[in-house]
Amino acid sequence: MPRPKSMFPCGFGDQPWLIQARGSDKETQMFINPLNGSIEERNIYEMHGQLCLSRFEEWLFLVDDLSDDCFLLNIYSLTKIDLPPIKEPFSSLGFRALTSSPASPDCTILFLGMEENFLLFCHPCDTEWTKLPVDFDVVGAKNMLTYNGNLYVVLHDIEIIDLASLSTGCVESISMDTPDFSSFGIGFLEHLVESSGDIFFVRTRFPGLPMTTSIVDIEIYKLLDFEDEYIWLRVESIGDRAFLLDRNGGQSFCTQDTQFDKDCVYHILSCYDGERIYKTCLEDQTIEFKLLTAEAVQKKSCFYWILPVRRPIQNDDLLTSFETIARSEVCQKGCGKVKKDESVGAMFISMQLTNLPIDIVQSISEQLPLKDSIRLRAVCKLWAKQLPDPMKEEPLWLMSCPKKCGTCQMYSPYKGKQFTLNLKGLSSSDVPTRLLYSKDGWILALKGSDLLCLMNPFTNDFHHLPILEDDYSYNGIAFSCPPKNSPNCTVFAIVSPPRGDFTRIIAWHYGQEEWYEMQFDNDLPFSGTDNNPVFFDGEFYCLGRWGNLGVFNPENKTWRVLDKPSPIHSEAPDIGTEHCYLLECDGELISVFRAFNMEYVRVFKLDRSNMAWNLLGDLGDVTLFLDYRTSMARTLPRKIFRNKVFLPRLHDETKESTFYYYMKTRMHNPDFKIFREPYNCVWLEPQLQ
């Protein structure tokens with residue numbers, strides 16, 4: 001029977017949508033357009049009283065929430081395939097999967113038993129479900145994927161079940177390692193995605209518990225079969241594809257001829273403030289999200305991605321090769337034309353420019369990026385004297401490193417200016433680089449998972465530190481001073497578990513050939529947070545989740561948790577619900593606590609005479625630039641920027657405004673949900689020395 005056109009939202013079937021079946025609570029179903037967050041309710045008779053437990057492309061696995069009846073439903077044709085009743089309680093069933101379209105005779109519906117170690121399965125033509133034991137613990141299962149005759153179950157490792165063995169009554173499986181951790185964050189979710197014949201492993205990282213707060217990073221690996229050995233290769237791009245992740249698993253979608261952005265990962269997550277649709281762009285390494293309204297949030301049922309008919313995915317390597325060749329040919333031809341008369345043209349242009357009125361030159365300078373403004377002042381002595389120094393006009397930049405090719409983006413939070421820097425020390429690197437911390441124009445970065453380096457992006461000075469004994473996995477890291485001509489440079493990193501009973505540190509002094517590691521039992525609880533220490537009065541100060549302080553002395557290699565100032569919180573907030581920052585301002589220590597959804601921002605100054613945190617009503621002439629990697633306090637020449645708190649969030653449309661919180665009004669400029677955030681960035685003060 002053909003479906004009425006009005007039964008589904010306009011555009012349904014042309015792109016992926018999110019769908020929610022709401023059981024007996026409501027007869028209507030919720031359809032959400034992930035591109036704009038719009039919500040539409042529709043009444044589909046076949047879904048009355050049903051909950052959705054799984055999906056495969058356009059097929060839904062539905063179960064009556066008041067009985068044990070279940071069936072498969074094609075959301076487009078409304079074709080229904082009845083399945084045997086499930087005798088097991090649904091609370092004992094975990095992840096589920098379909099091996100193929102129900103139209104295929106090989107289709108198998110699979111469940112993992114979470115309270116007992118078993119696999120429950122049936123075929124569409126079966127009269128009952130079959131239950132078989134498995135020889136691994138499924139309690140910690142995170143995700144499942146069926147592909148090419150195998151069932152992949154993500155645990156601490158990956159169990160690969162040969163689906164052909166199900167017919168023998170004995171489940172056969174082998175184990176495979178998951179990719180090594182090489183990122184940040186306390187919590188994580190893991191998904192397997194099949195895309196155009198390849199298997200990808202996606203690890204999403206959070207500052208707190210999974211599915212409770214914002215995404216801070218994402219890792220994607222591709223499975224390679226190398227000489228009969230499986231190898232996970234980290235990839236920085238997924239080409240024309242988009243990955244769509246939900247609690248049931250992941251799917252791949254070709255974005256050609258759609259409004260979906262390519263090379264992105266879309267993720268539906270239940271957070272503290274409701275359901276969020278995250279979009280992580282791998283091209284520029286930014287994260288943004290749309291918060292669904294309260295009417296769309298129903299804890300009893302979940303959202304699932306529904307794909308249109310699958311599109312063929314082109315070979316990305318072939319496309320890249322053709323694009324690279326084309327660009328090279330254009331560049332070579334263009335460069336040839338430019339070089340033809342450049343000696344004569346340069347002299348003529350130089351003579352003409354120096355005769356320009358200074359007000360016109362200044363207008364031109366204001367439109368140029370930083371490095372070109374500096375070059376403009378060097379054209380002649382008059383311009384150098386009369387043009388403003390851009391280093392003083394732009395005292396702070398947001399630097400992001402979107403790719404591993406050594407190209408970084410510099411963004412001015414004041415004027416919206418942007419320019420590109422090429423870092424020679426990173427251009428030849430075949431591993432991703434993570435920006436960890438900055439101070440005095442220098443950046444501390446992580447190459448791969450165990451190699452730290454100090455670099456000045458304006459002078460291209462590089463210092464490689466000794467290789468870490470273990471992969472980098474610390475709450476915070478900082479250095480005391482730049483390494484250039486300074487034997488006093490010390491790099492310090494700390495990790496302290498949430499319960500706060502011990503603290504582990506590593507440190508490196510300039511000139512040493514290896515790191516030293518120490519572990520201390522805490523006399524007072526100190527729960528580490530994802531923010532960096534501050535080198536203050538010769539010691540590294542660290543801020544805990546309660547609001548107390550821990551101090552490491554690099555001279556005598558001692559660690560102590562201070563009994564004063566008293567903690568801000570009597571009980572530690574849930575991990576991820578609050579962000580906290582520690583910074584120095586005019587010889588004083590400042591701490592900032594803000595809700596993850598910006599409901600509040602509280603700023604404290606340490607009264608060193610009484611060793612107590614004093615709450616500040618405003619910042620006066622000071623401006624704060626906050627981020628868990630580096631936070632800074634500065635007094636800026638323009639009053640319009642004072643008494644504000646800036647975060648590294650950029651407007652998605654104009655890219656000319658930065659998110660800020662105004663302390664005077666206790667309000668923030670446009671809704672922070674419409675901003676995108678680079679997840680590999682750091683605040684940076686330019687230093688050309």
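Along the sequence shown, residues are numbered consecutively beginning with 1.
One finds the CD atom of Glu539 at 12.0 Å from the OG1 atom of Thr490 (value rounded to the nearest 0.5 Å). Within the model, atoms CD1 of Ile477 and CG of Leu452 stand 5.0 Å from one another, a figure rounded to the nearest 0.5 Å. Rounding to the nearest 0.5 angstrom, the gap separating the OG atom in Ser631 from the CG atom in Leu626 is 4.5 Å. In this structure, Ile218 CD1 and Thr280 OG1 are separated by 4.5 Å, a value rounded to the nearest 0.5 Å.
Annotation: side chain of Cys681 is in contact with side chain of Leu398 (closest heavy-atom distance under 4.5 Å). Inter-residue side-chain proximity for Leu684 and Pro457 is flagged as met; some heavy-atom pair is nearer than 4.5 Å. Looking only at side-chain heavy atoms (C-beta outward), Asn548 and Leu524 stay at 4.5 Å or farther from each other. Under the 4.5 Å side-chain criterion, counting only non-hydrogen atoms from C-beta, Val592 is in contact with Leu583. Side-chain contact between Asp521 and Asp501: absent, with no pair of heavy atoms (C-beta onward) separated by less than 4.5 Å. Residues Ser400 and Asn680 are not in side-chain contact: their nearest non-hydrogen atoms beyond the backbone lie 4.5 Å or more apart. Residues Leu189 and Val202 fail the side-chain proximity criterion, which asks for heavy atoms closer than 4.5 Å. The shortest distance between side-chain heavy atoms of Tyr660 and Thr623 does not fall below 4.5 Å.
By the 30° and 60° cut-offs, the orientation of the rings of His191 relative to His267 is perpendicular.
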Practice prompt. Take Phe200 and Phe243, measure what ring pair (Phe, Tyr, Trp, His ring centres under 6.0 Å) needs, and give me the verdict at the end.
Written response: CA-CA 10 Å; Phe200 292 85; Phe243 287 173; 5.4 Å; yes
Review point. Should Lys439 and Glu584 be marked as a salt bridge (charged side-chain N to carboxylate O under 4.0 Å, His left out) after you check the CA-CA gap, both sets of side-chain angles, and the distance that decides it?
Key: CA-CA 12 Å; Lys439 182 176 183 178; Glu584 181 185 357; over 6 Å; no
Would you please test Phe201 and Leu223 for side-chain contact (heavy atoms from CB on, under 4.5 Å) and show each step?
CA-CA 8 Å; Phe201 184 96; Leu223 184 63; over 6 Å; no
| message | One pair to check against side-chain contact (heavy atoms from CB on, under 4.5 Å): His509 and Asn488. What are the steps and the verdict? | response | CA-CA 7 Å; His509 292 297; Asn488 297 320; over 6 Å; no
_Let's go through Asp461 and Trp442 carefully: what are the C-alpha distance in whole Å and the side-chain angles of both, what is the deciding distance for side-chain contact (heavy atoms from CB on, under 4.5 Å) to 0.1 Å, and is it a yes or a no?_
CA-CA 9 Å; Asp461 286 329; Trp442 284 75; 3.5 Å; yes
Would you please test Cys585 and Val622 for side-chain contact (heavy atoms from CB on, under 4.5 Å) and show each step? CA-CA 9 Å; Cys585 177; Val622 175; 4.0 Å; yes
ask   = Should Trp559 and Asn553 be marked as a side chain to side chain donor-acceptor pair (under 3.5 Å) after you check the CA-CA gap, both sets of side-chain angles, and the distance that decides it?
value = CA-CA 7 Å; Trp559 164 261; Asn553 187 305; over 6 Å; no
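Relative to the six-membered ring of Tyr516, Lys557 meets both conditions, a distance below 6.0 Å and an angle of at most 45° to the axis.
Panel note: side chain Asn522, backbone Gly500; a donor-acceptor pair is recorded below 3.5 Å. Checked by atom type and distance alone, the side chain of Ser438 never pairs as donor or acceptor with a backbone atom of Ile443 at under 3.5 Å.
The minimum heavy-atom distance between Cys489 and Pro482, with the atom names listed, is CB-O, 4.1 Å. Across every non-hydrogen atom of Asn475 and Gly528, the tightest pair is OD1-CA, 3.9 Å. The shortest heavy-atom contact between Thr178 and Leu155 is CG2-O, 4.4 Å. Residues Leu543 and Phe526 approach most closely at C-CZ, 3.8 Å, considering heavy atoms. Looking at every heavy atom in both residues, Gly538 comes nearest to Pro554 through O-CD, 3.4 Å. The minimum heavy-atom distance between Pro498 and Trp546, with the atom names listed, is O-CH2, 4.2 Å.
In this structure Phe593 satisfies the ring pair (Phe, Tyr, Trp, His ring centres under 6.0 Å) test together with His569, Phe604, sequence neighbours excluded. Glu517 pairs by the salt bridge (Lys or Arg N to Asp or Glu O under 4.0 Å) definition with Arg504, not counting sequence neighbours. Under the ring pair (Phe, Tyr, Trp, His ring centres under 6.0 Å) criterion, Phe540 pairs with Phe492, Phe535, sequence neighbours left out. By the ring pair (Phe, Tyr, Trp, His ring centres under 6.0 Å) test, Phe536 is found to be paired with Tyr541, residues two or more places apart in sequence or in another chain being considered. Partners of Asp586 under the side-chain hydrogen bond (donor to acceptor under 3.5 Å, both in side chains) rule, at least two apart in sequence or in another chain, do not exist in this structure. Listed by chain and number, the residues in a side-chain hydrogen bond (donor to acceptor under 3.5 Å, both in side chains) with Thr529 are Asn531 (sequence neighbours excluded). In terms of the salt bridge (Lys or Arg N to Asp or Glu O under 4.0 Å) criterion, Asp440 has no residue partners (sequence neighbours excluded). Every residue two or more places apart in sequence or in another chain was checked for a side-chain hydrogen bond (donor to acceptor under 3.5 Å, both in side chains) with Asp450, and none qualifies. The salt bridge (Lys or Arg N to Asp or Glu O under 4.0 Å) check on Asp157 picks up nothing, with sequence neighbours excluded. Residues passing the ring pair (Phe, Tyr, Trp, His ring centres under 6.0 Å) test with Tyr437, sequence neighbours excluded: Phe479. In this structure Asn143 satisfies the side-chain hydrogen bond (donor to acceptor under 3.5 Å, both in side chains) test with no other residue, sequence neighbours excluded. Partners of Asp198 according to the salt bridge (Lys or Arg N to Asp or Glu O under 4.0 Å) rule, which considers only residues two or more places apart in sequence or in another chain, are Lys222.
For Trp232 and Asp177, the side-chain atoms include no donor-acceptor pair closer than 3.5 Å. Inspection of the Tyr581 and Arg594 side chains reveals an N or O donor paired with an N or O acceptor under 3.5 Å. Between the side chains of Asp471 and Ser473, no donor-acceptor pair of N or O atoms lies under 3.5 Å.
Salt bridge annotation for Glu288-Arg649: absent, with no cationic side-chain nitrogen under 4.0 angstrom from a carboxylate oxygen. With respect to Arg434 and Asp217, a salt bridge is recorded, a charged nitrogen being found less than 4.0 Å from a carboxylate O. Glu588 has no carboxylate O lying under 4.0 Å from a charged side-chain N of Lys605, or vice versa, which leaves the two without a salt bridge. Note on Arg205 versus Glu219: salt bridge recorded, some NZ/NE/NH1/NH2 to OD/OE distance being below 4.0 Å. Ion pairing between Asp261 and Lys279 holds under the 4.0 Å rule for side-chain N and carboxylate O.
In the displayed structure, Gln519 atom CD is contacted under 6.0 Å by more than 12 heavy atoms of other residues, nucleotides or ligands.
Only one option out of Tyr411, Tyr628, Phe625, Phe646 pairs with Trp683 in a ring pair (Phe, Tyr, Trp, His ring centres under 6.0 Å); it is Phe625.
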